[in-house]
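Notes follow the structure.
For reference, positions follow the sequence shown, starting with 1.
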Amino acid sequence: MVANKSKILKLGKILKSFRNSADLTQPQLASKSGVSTSIVNDLENGIRTAGCNTLNKIALGLELNDEDRFLLILKGLELSKRDFVIPDFTGYPPEIINFLAYIFSKSGISPQNIKKVELGGGKNGGMQITTLENMKLNVEIRLSQQK
């Protein structure tokens with residue numbers, strides 16, 4: 001439970017940092033996000049967690065770029081007991097959502113083996129996953145049109 005509490009506090013610090021960077025008060029952020037001020041306050045102070053939809057509303061209210069919004073929602077997913085899909089992906093088939101998990105499991109990599117996930121910036125995007133053994137996996141999905 002202590003580890004979870006530190007993750008909740010870390011999420012609160014991240015949220016507060018984003019809010020301060022946006023030069024918003026808690027009530028202003030709540031108003032822009034369509035959530036209550038008490039939710040923003042409780043999240044920042046590590047009193048509660050929020051579901052992905054609420055964090056997505058807050059991220060949109062903060063006008064975060066896609067990468068920061070994604071990372072904020074991922075932090076919330078770590079703590080959520082009811083959410084397992086990022087809001088933008090709720091309409092996708094489960095095969096797509098579980099694709100990386102399937103690839104990792106086939107490669108012998110379990111969730112407990114993953115130390116860090118970094119989203120790639122730049123023109124290629126993608127992500128880099130670092131395992132506890134410091135093995136680095138670069139994942140990039142490219143779309144191509146077949147003729």
Side-chain angles (χ1 to χ4, degrees), residues 1-105 109-143:
M1 190 68 159
V2 173
N4 221 18
K5 183 64 175 172
S6 69
K7 286 182 181 182
I8 293 169
L9 289 169
K10 185 175 181 180
L11 175 65
K13 286 180 183 179
I14 291 169
L15 179 58
K16 186 173 185 173
S17 174
F18 280 137
R19 182 179 59 77
N20 287 335
S21 293
D23 199 28
L24 296 171
T25 64
Q26 287 182 350
Q28 288 170 327
L29 175 56
S31 177
K32 283 186 73 171
S33 302
V35 301
S36 71
T37 303
S38 65
I39 288 175
V40 174
N41 181 62
D42 289 355
L43 285 170
E44 286 188 7
N45 291 304
I47 296 170
R48 74 159 89 176
T49 61
C52 290
N53 288 326
T54 300
L55 288 174
N56 191 47
K57 287 179 184 179
I58 291 170
L60 293 172
L62 287 165
E63 299 177 12
L64 296 180
N65 64 43
D66 285 343
E67 183 175 359
D68 286 340
R69 182 174 68 91
F70 187 76
L71 289 171
L72 182 66
I73 293 169
L74 285 179
K75 287 288 176 202
L77 274 175
E78 285 182 39
L79 302 166
S80 181
K81 297 199 182 329
R82 66 179 185 261
D83 292 325
F84 63 95
V85 178
I86 297 168
D88 292 350
F89 292 92
T90 54
Y92 284 88
E95 295 86 0
I96 292 174
I97 295 166
N98 291 304
F99 174 73
L100 284 177
Y102 173 77
I103 296 297
F104 290 158
S105 70
I109 299 170
S110 69
Q112 296 79 17
N113 296 105
I114 297 174
K115 177 167 72 174
K116 186 164 126 183
V117 177
E118 297 173 87
L119 295 180
K123 67 177 188 176
N124 291 334
M127 67 176 70
Q128 184 175 71
I129 295 129
T130 306
T131 66
L132 292 174
E133 298 82 26
N134 287 320
M135 177 174 42
K136 295 197 183 290
L137 301 132
N138 292 300
V139 179
E140 184 178 331
I141 298 173
R142 294 181 189 210
L143 300 176

Item to check | Pairs where residues 33-46 contributes a residue and the test salt bridge (Lys or Arg N to Asp or Glu O under 4.0 Å) is met, not counting sequence neighbours | outcome: R19-E44, D42-R48
Checklist entry - Who passes side chain to side chain donor-acceptor pair (under 3.5 Å) against S31, sequence neighbours left out? => result none
Checklist entry - I39 and V35: which non-hydrogen atoms are nearest, and at how many Å? => result CD1-CB, 4.4 Å
Next on the checklist: For K115, give me all partners under side-chain contact (heavy atoms from CB on, under 4.5 Å), at least two apart in sequence or on another chain.
Outcome noted: T130, L132, N134
Checklist entry - If you measure from CG on L71 to CZ on F18, what distance do you get to the nearest 0.5 Å? => result 7.0 Å
Checklist entry - Side chains of N113 and S110: do they bring a donor and an acceptor to under 3.5 Å? => result yes
Checklist outcome for this item: Contacts of K57 meeting salt bridge (Lys or Arg N to Asp or Glu O under 4.0 Å) (sequence neighbours excluded), chain-then-number -> none
Next on the checklist: Under the criterion side-chain contact (heavy atoms from CB on, under 4.5 Å), I'd like the reasoning laid out for R69 against L60: C-alpha separation, chi angles, the key distance, then a yes or no.
Outcome noted: CA-CA 7 Å; R69 182 174 68 91; L60 293 172; 3.8 Å; yes
Next on the checklist: How long is the straight-line distance from CG of L15 back to CG of L64, given to the nearest 0.5 Å?
Outcome noted: 9.0 Å
Checklist entry - Crowded around K16 NZ? As in, over 12 foreign heavy atoms under 6.0 Å? => result no
Checklist entry - What pairs meet the salt bridge (Lys or Arg N to Asp or Glu O under 4.0 Å) rule with one or both residues in residues 20-30, with sequence neighbours excluded? => result none
Next on the checklist: What I'd like to find out is whether the side chain of E63 reaches to under 4.5 Å of the side chain of K32, using heavy atoms alone.
Outcome noted: yes
Checklist entry - What is the minimum heavy-atom distance between L29 and V40, and which atoms define it? => result CD2-CG1, 4.0 Å
Checklist entry - What's the spacing between Q28 CD and L62 CG if we round to 0.5 Å? => result 11.5 Å
Checklist entry - So do L43 and I8 actually touch side chain to side chain, heavy atoms under 4.5 Å? => result no
Checklist entry - Would a distance-only check, ignoring hydrogens and angles, find a side-chain to backbone donor-acceptor pair under 3.5 Å from S21 to S17? => result yes
Checklist entry - For the atom pair CG (L72) and CG (L11), what is the distance rounded to the nearest 0.5 Å? => result 6.0 Å
Checklist entry - I73 and N56: which non-hydrogen atoms are nearest, and at how many Å? => result CD1-OD1, 3.4 Å
Item to check | Separation of C52 SG from K75 NZ (nearest 0.5 Å) | outcome: 13.5 Å
Checklist entry - Looking only at heavy atoms, what is the nearest atom pair of S33 and G61, with distance? => result OG-CA, 3.6 Å
Checklist entry - Do any N or O atoms from the side chain of N45 and from the backbone of I47 form a donor-acceptor pair under 3.5 angstrom? => result no
Checklist entry - Got a sec, which residues hit side chain to side chain donor-acceptor pair (under 3.5 Å) with T131, two or more places apart in sequence or on another chain? => result E133
Checklist entry - Does a side-chain heavy-atom distance below 4.5 Å link I129 with N138? => result no
